[in-house]
Each structure stands twice: as C-alpha cells, then as structure tokens.
Amino acid sequence: MPELPEVETVRRGLTQLVQGATIDHVEVLYPKMVTPDAEVFTAELIGRKIEKIDRRGKYLLFRFSGDLTMISHLRMEGKYDVQPEGSPVTKHTHVIFHLTDQRELRYTDTRKFGRMRLVPTGTEAAALPSLAKMGPEPTEQTLTLAYMRQIFGKSHKIIKPFLLDQSRIAGLGNIYADEVLWLSKINPLTPVDTLTEEQLETLRQNIIQEIQKAIAGHGTTVHSFSTAFGDAGHFQNDLHVYGHEGEPCERCGTEIVKIKVAQRGTHFCPHCQPLPPDAQGVLDND
DNA sequence: AGCAATGTTCATGG
DNA sequence: GCCATGAACATTGC
C-alpha cells in the first residue's frame, strides 16, 4: 500500500482500530525488518499504549506512551491488519503486535522490503536522513507556487524522476506521478527547468487535487489482493494512464504508451503529452 | 524462462 | 556537487 494516499488510508484505518490500545507483547518473525534488533525492539514495546498515529510522506509514525515513536515504511507491499488473537497468520506476516484486548496488529509484507524503527519521539529526523530531507506535503498550504518555482527552476533533471524524489515533494509514487503528468499534459521526459510558469501552476494544482481525491477514494488497489480487512480502495477506477497502455487516451483517443524512465514503467499519451522539442534520444523502448 | 511490480538506498562514473 | 544508471533488497505472478 505504497503512495501517500494509500499510507494515509492505512493511517486513518489504524487510528480507528488501534488508537488507545496497549501492547501486551510483540513477536518479530523476520528480524531484519526492525531496528534496533528484535530483542530490544520487542522489550521496548511491552506495555506501551498507542496514543496516536501520524504520517509524513509515505512514513507512518506510531506514537507510543513514554515518548517512543515507531517509524514504519511499507515500501512496495507492506500491510497492516488487525485480527482477533490467534487467527491464522500467513507466511508473509513478519511482525505481530499482541494487544491487551485479545486482538493482534500484524504487519505482512510479501517482498520483505518494509522497515520499522523505534526512536525517542522528537528524534525522527536525526535518526532518518530521508525524513530530515523530506519535501513539503502536497497540500494547498504547504506546496506553494513560490516553492515550486524555486525547486523546478534550478534543477536539470527530467520531470518523472524529479516527481518521485521525496526530498522535493513528499508522497508521490509511480502511479500518481504518471497520472499528474497526464492531467497536466506534460511529457515525463521534460527537463523541469523548461516548464513555464503556467505549466508549474497547472502541475501544482493537479498534484494537490489528485492526492486529495485519491485519499477521498481510499487510495488505489493494484496487484489485486483480498485481505479480510480494511478499506479496499477504489481509486484504481479513476486512473487515466497507469496500467492503461494500449488503450485510447480519454482526451484524444491516441493509444497510451508505456516506456521505461529512470527504471520505472512510465505511461503517457504521446499526443496530449508531446516530447519537448529539444528532448532527444528516447525513441526506442516498448 | 524472463521480466516487471504502489520504493528506497548505495555504489559508480561522467 | 549534480546527474544518470545499475544493482540490491525478496517474492510473486504474468
């Protein structure tokens, strides 16, 4: 459940389910997943109450009693769910938080990319450079046009990887980056310092609105799962280009193409999102 | 069999 | 320092 809207959906769901709950004990089945090491991790959490769950970019921040915070990143396939004590776990469940009310908060992750880390509350940035460098949240108040001008004006990167860079803007991932570029009629290979003032404002509005809409739609569910819990998310029905290669563009009917940009699958409409005049050397791919 | 998958980070080379 | 590319992490599914 990866990009900002999905992480926010998880945050809201977990807040409803386990805010106020107390940890009885914790089982770590895949030690590489946690920091500090599993022994310390589990010992630290015994008896702590989950006071609040925050989010920054794609990170979840579990606030425990006694000024302890667990920073959790789901990476590609991490998931949380809450089940009654003792209900069957899958082979991809790696951490089980046993609550004192006969329920279990479980972390499941097929690819084992996710990580969780305990730090004293207030020291998150010091502990994690990527949190310290995180760009502004994509909201009307925090992602200002002045800031957009500043970061876009002085970079020579192309826009697709630029949007994925969490230190510039927090929360966009591969799906929403493609969607926002289609909405803004900007080619993914466009150098960011060639965008006009008008394009920047269009892009800004689309980023803010798209993230907001996706949160309202409880995020996007791809890679089809059917967990017995939580918001399924229906925003996948509102995607225009991601996963739509070979289909006609909703605006002009031209076939949506998929290419590789900075090692990520990238979907766009070649007619609505024309290559900038000077961009060269990317006419191959498939 | 081979490759791509909602992500991040490190290493290398220009 | 900036930028691009490739690999690594680990598993599944097309």
Quick check on B:dT8: is either OP1 or OP2 less than 4.0 Å from any side-chain nitrogen or oxygen of A:Lys58? yes
What nucleotide among C:dA10, C:dT12, B:dA5 has an atom nearest to a side-chain atom of A:Tyr242? B:dA5
Think A:Lys260 has a side-chain N or O under 4.0 angstrom from the OP1 or OP2 of B:dA5? yes
Minimum-distance nucleotide to A:Arg264 side chain [options: C:dC3, B:dT8, B:dT9]: B:dT8
Does A:Ser130 put a side-chain nitrogen or oxygen below 4.0 Å from OP1 or OP2 of B:dT9? yes
May I ask which nucleotide in the shown strands pairs with C:dA10, Watson-Crick or G-U wobble, both distances under 3.5 Å? none
Under 4.0 angstrom between A:His73 side-chain N/O and B:dT8 OP1 or OP2: yes
Indicate, with a heavy-atom threshold strictly under 4.0 Å, whether A:Gly219 touches base, sugar-phosphate, or nothing. nothing
Below the 4.0 Å mark, does C:dT12 have OP1 or OP2 next to a side-chain nitrogen or oxygen of A:Lys91? yes
Under 4.0 Å from OP1 or OP2 of C:dA10: is there any side-chain N or O of A:Lys32 that close? yes
Donor-acceptor pairs under 3.5 angstrom involving side-chain atoms of residues 55-70 of chain A: please list them, not counting sequence neighbours.
unit_1: A:Arg55; atom_1: NE; unit_2: A:Glu8; atom_2: OE1; d: 2.8
unit_1: A:Arg55; atom_1: NH1; unit_2: A:Gly57; atom_2: O; d: 2.9
unit_1: A:Arg55; atom_1: NH1; unit_2: A:Glu137; atom_2: OE1; d: 2.9
unit_1: A:Arg55; atom_1: NH2; unit_2: A:Glu137; atom_2: OE1; d: 3.1
unit_1: A:Arg56; atom_1: NH1; unit_2: A:Gly135; atom_2: O; d: 3.1
unit_1: A:Arg56; atom_1: NH1; unit_2: A:Glu137; atom_2: OE2; d: 2.9
unit_1: A:Arg56; atom_1: NH2; unit_2: A:Met134; atom_2: O; d: 3.2
unit_1: A:Arg56; atom_1: NH2; unit_2: A:Gly135; atom_2: O; d: 2.9
unit_1: A:Lys58; atom_1: NZ; unit_2: A:Leu172; atom_2: O; d: 3.0
unit_1: A:Tyr59; atom_1: OH; unit_2: A:Ser130; atom_2: OG; d: 2.5
unit_1: A:Arg63; atom_1: NE; unit_2: A:Asp54; atom_2: OD2; d: 2.8
unit_1: A:Arg63; atom_1: NH1; unit_2: A:Thr69; atom_2: OG1; d: 2.9
unit_1: A:Arg63; atom_1: NH1; unit_2: A:Glu124; atom_2: OE2; d: 2.9
unit_1: A:Arg63; atom_1: NH2; unit_2: A:Asp54; atom_2: OD2; d: 3.4
unit_1: A:Ser65; atom_1: OG; unit_2: A:Lys49; atom_2: N; d: 2.9
unit_1: A:Thr69; atom_1: OG1; unit_2: A:Thr121; atom_2: OG1; d: 2.6
unit_1: A:Thr69; atom_1: OG1; unit_2: A:Glu124; atom_2: OE2; d: 3.4

Separation of the P atoms in B:dT6 and C:dC3, to the nearest angstrom: 24 Å
Would you classify A:Gln263 as touching base, sugar-phosphate or nothing, given that sugar-phosphate means primed atoms plus P, OP1 and OP2, and contacts are heavy atoms under 4.0 Å? base
A:Lys185, NZ: over 12 other non-hydrogen atoms inside 6.0 angstrom: no
Please determine if A:Arg149 and A:Glu201 form a salt bridge, counting it only when a charged side-chain N lies under 4.0 Å from a carboxylate O. no
Gap between atoms CE and P, on A:Met33 and B:dT8 respectively (whole Å): 15 Å
Stacking here means centres under 5.5 Å and planes under 30°; does A:Phe113 stack on B:dT8? no
From CD of A:Gln166 over to P of B:dG7, roughly how many Å is that when rounded to an integer? 8 Å
Evaluate the side-chain proximity of A:Glu247 to A:Val241: yes if any heavy-atom separation is below 4.5 Å, no if none is. no
Length of the line joining A:Met134:CE and B:dG7:C1', which is rounded to integer Å: 12 Å
Looking only at side-chain N and O atoms, does A:Lys157 come under 4.0 Å of OP1 or OP2 in C:dC3? no
Decide if atom NE2 of A:His271 counts as having more than 12 heavy atoms of other residues, nucleotides or ligands within a radius under 6.0 Å. no
Grab the OH-P distance between A:Tyr59 and B:dG7 for me, whole Å please. 13 Å
Of the nucleotides C:dT12, B:dT9, B:dT6, which has the atom closest to the A:His92 side chain? C:dT12
Could you verify whether a donor N or O on one side chain and an acceptor N or O on the other, from A:Asp178 and A:His267, lie under 3.5 Å apart? yes
Once you apply a heavy-atom cut-off of 4.0 Å, does A:Tyr30 come out as touching a base, just sugar-phosphate, or nothing? sugar-phosphate
N or O in side chain of A:His156 less than 4.0 angstrom from C:dA4 OP1/OP2: no
A:His218 and A:His234 aromatic ring geometry - parallel, tilted or perpendicular at 30°/60° bounds: perpendicular
Let me know the distance between CD1 of A:Ile158 and C1' of C:dA4, rounded to the nearest Å. 9 Å
Rounded to whole Å, how long is the line connecting atom CG of A:Leu163 with atom P of B:dT8? 13 Å
Inter-nucleotide P distance (B:dT8, C:dG1), Å rounded: 23 Å
Between B:dT6, C:dT12, B:dT9, spot the one nearest the side chain of A:Glu6, thanks. B:dT6
Could you state the atom-to-atom distance from CG of A:Leu164 to P of C:dA4 in whole Å? 12 Å
Spacing of the C1' atoms in C:dA4 and B:dA5 (rounded, Å): 22 Å
Watson-Crick or G-U wobble partner of B:dT6, both distances under 3.5 Å: none
Spacing of A:Glu77 atom CD relative to C:dC9 atom P, expressed in whole Å: 17 Å
Under 4.0 Å: is that the gap between some side-chain N or O of A:Ser155 and OP1 or OP2 of C:dC3? yes
